Amino acid sequence: MKIATFNINGIKARAEALPAWLDEAEPDVVLLQEIKSVDEAFPRDSFEDRGYFVETHGQKSFNGVAILSKLPLEDVERGLPGGEKDDQARWIEATVVGKTAVRLCGLYLPNGNPAPGPKYDYKLSWMARMRDRAAALLLDEIPVVMAGDYNVIPQAEDAAKPEAWVDDALFLPESRAAFRRILHLGYTEAFRTREPRSGHYSFWDYQAGAWQKNNGIRIDHLLLSPQAADLLQEAGIDKEVRGRDKPSDHVPVWIALDA
DNA sequence: ATGGTGGCAACGCCA
């Protein structure tokens with residue numbers, strides 16, 4: 001089962017680039033972030049015509065997550081638990097059943113800039129809530145995949161110019177520590193199991209020729225429960241997507257699971 | 001170098 005995460009930066013703006021990538025990469029499951037659309041305006045037909053089931057959790061203008069799956073999705077849940085006052089659409093869960101059942105979590109973690117400030121406080125509180133949900137998911141002892149735009153650069157080797165990010169919410173020590181606290185519950189960050197570990201990125205800013213200079217960062221991650229990590233066959237980043245017409249500033253990151 | 005680029009949606013906010 002090929003499972004991908006892709007921050008598309010607007011579903012309407014990616015009306016050509018996203019289907020083109022789906023047709024060539026043929027993922028079984030895609031976790032989308034920043035659909036920037038309400039559910040009613042999401043172009044379901046384009047994906048249903050390609051054989052995908054579609055579940056969305058959108059909002060007007062900003063954020064928004066979705067799941068596309070060639071296998072039916074069950075027990076869909078929208079919103080990260082513990083956020084009664086949180087109206088931002090950043091979390092969706094569903095179960096997909098292939099050879100075995102896999103619990104999928106699609107997430108768009110808050111950016112948090114500028115730091116310090118209320119946006120950074122929101123990022124850290126959201127990560128604390130995510131840690132609670134991640135811990136609860138482990139109790140089921142089933143394959144779990146938590147994938148999305150984490151807005152966290154885990155290590156210096158995950159940035160072309162780490163010195164440029166030292167005061168940024170994506171790379172501050174507190175952000176990285178909160179990421180490790182989730183990881184150390186017992187999750188495996190799939191791409192980090194690959195060698196070499198440096199020089200691989202999933203985001204290049206639109207500004208200042210970041211793509212042309214390969215000035216990227218790796219912030220899109222797939223975290224696997226032990227039962228999912230046991231099934232991991234392959235992990236990759238579809239870097240070339242960034243060089244095409246009308247690209248998102250992120251590219252797809254994917255895994256193959258024996259599931 | 002306090003700009004630069006892009007999306008959404010409406011002349012500003014977010015990344």
Side-chain angles (χ1 to χ4, degrees), chain A residues 5-21 30-44 46 56-66 80 83 85-91 106-127 130 147-154 158-172 174-176 178-179 201-221 239-253:
Chain A
T5 175
F6 192 2
N7 180 324
I8 53 171
N9 190 20
I11 187 66
K12 299 174 194 72
R14 235 50 68 201
E16 293 177 25
L18 176 56
W21 170 74
V30 189
L31 301 155
L32 298 173
Q33 301 89 40
E34 284 206 270
I35 65 172
K36 296 187 174 181
S37 164
V38 293
D39 295 334
E40 300 73 43
F42 192 87
R44 311 176 60 89
S46 169
T56 62
H57 179 40
Q59 68 178 89
K60 184 181 166 74
S61 304
F62 304 117
N63 308 317
V65 287
L80 183 61
K85 295 177 291 182
D86 186 356
D87 57 359
Q88 299 190 28
R90 295 179 176 277
W91 182 271
L107 65 116
Y108 176 47
L109 205 146
N111 176 295
N113 281 304
K119 291 188 178 179
Y120 194 57
D121 296 341
Y122 174 63
K123 177 176 195 154
L124 293 179
S125 66
W126 200 96
M127 292 182 84
M130 180 176 166
D149 178 358
Y150 279 73
N151 268 314
V152 173
I153 303 166
D158 299 313
K161 296 184 178 180
E163 67 279 6
W165 297 89
V166 290
D167 295 321
D168 193 283
L170 277 61
F171 194 54
L172 282 174
E174 281 181 278
S175 305
R176 298 163 59 196
F179 180 78
Y201 313 121
S202 65
F203 168 92
W204 295 260
D205 201 292
Y206 288 123
Q207 303 179 70
W211 167 247
Q212 288 76 11
K213 299 174 191 168
N214 194 26
N215 179 16
I217 53 176
R218 198 172 66 87
I219 57 175
D220 299 274
H221 310 298
K239 178 181 182 179
E240 71 284 354
V241 170
R242 184 64 178 80
R244 297 182 184 167
D245 289 343
K246 289 267 295 175
S248 170
D249 40 7
H250 297 250
V251 297
V253 183

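Protein chains get the first letters and strands the later ones, always in sequence-line order, with residue 1 at the start of each. Given the structure is predicted, the values throughout are model-derived calculations rather than measurements.
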I'd like a table of atom pairs between the protein and nucleotides 9-14 of chain B - only N or O on both sides, under 3.5 Å - with the distance next to each one.
| residue | atom | partner | partner atom | Å |
| --- | --- | --- | --- | --- |
| B:dC14 | OP2 | A:K119 | NZ | 3.3 |

Could you give the distance separating B:dT2 and B:dC11 at their P atoms, to the nearest angstrom? 28 Å
Restricting to non-hydrogen atoms, name the atom on A:F179 and the atom on A:V152 that form the minimum distance, rounded to 0.1 Å. CB-CG1, 3.8 Å
Can you confirm whether A:E174 sits close enough to A:Y120 that some side-chain heavy atom of one is under 4.5 Å from a side-chain heavy atom of the other? yes
For the pair made of CD in A:E16 and P in B:dG7, what is the distance, rounded to whole Å? 12 Å
Is the side chain of A:N7 donor-acceptor paired with the backbone N or O of A:E34 at a distance under 3.5 Å, no angle test? no
What heavy-atom pair brings A:T5 and A:G148 nearest, and what distance separates the two atoms? OG1-CA, 3.1 Å
Would you kindly give the CZ-to-C1' distance between A:F42 and B:dC8, to the nearest whole Å? 16 Å
If I pick the C1' atom on B:dA15 and the same atom on B:dG4, what distance separates them, to the nearest angstrom? 13 Å
In whole angstrom, what separates A:N151's CG from B:dA15's P? 8 Å
Would A:W126 and A:W91 count as a side chain to side chain contact (heavy atoms under 4.5 Å, CB included) if you check the C-alpha gap in whole Å, the side-chain angles of each, and the deciding distance to 0.1 Å? CA-CA 11 Å; A:W126 200 96; A:W91 182 271; 3.7 Å; yes
A:H250 NE2 to B:dG6 C1', in whole Å, measures 12 Å
What is the ring orientation for A:H221 with A:Y150, classed by angle as parallel under 30°, tilted 30 to 60°, or perpendicular over 60°? tilted
One should read off an interatomic distance between A:Q88 CD and A:N63 CG, to the nearest 0.5 angstrom, of 5.0 Å
Taking the P atom in each of B:dC14 and B:dA10, what is the distance between them to the nearest angstrom? 14 Å
Please report, rounded to the nearest Å, how far the P atom of B:dC8 is from the CD1 atom of A:I35. 11 Å
What nitrogen or oxygen pairs link the protein and nucleotides 1-5 of chain B at under 3.5 Å?
| residue | atom | partner | partner atom | Å |
| --- | --- | --- | --- | --- |
| B:dG4 | N9 | A:Q207 | OE1 | 3.0 |
| B:dG4 | N7 | A:Q207 | OE1 | 3.4 |
| B:dG4 | N3 | A:Q207 | OE1 | 3.1 |

Can you check the A:N7 CG to B:dA15 C1' distance for me, whole Å? 9 Å
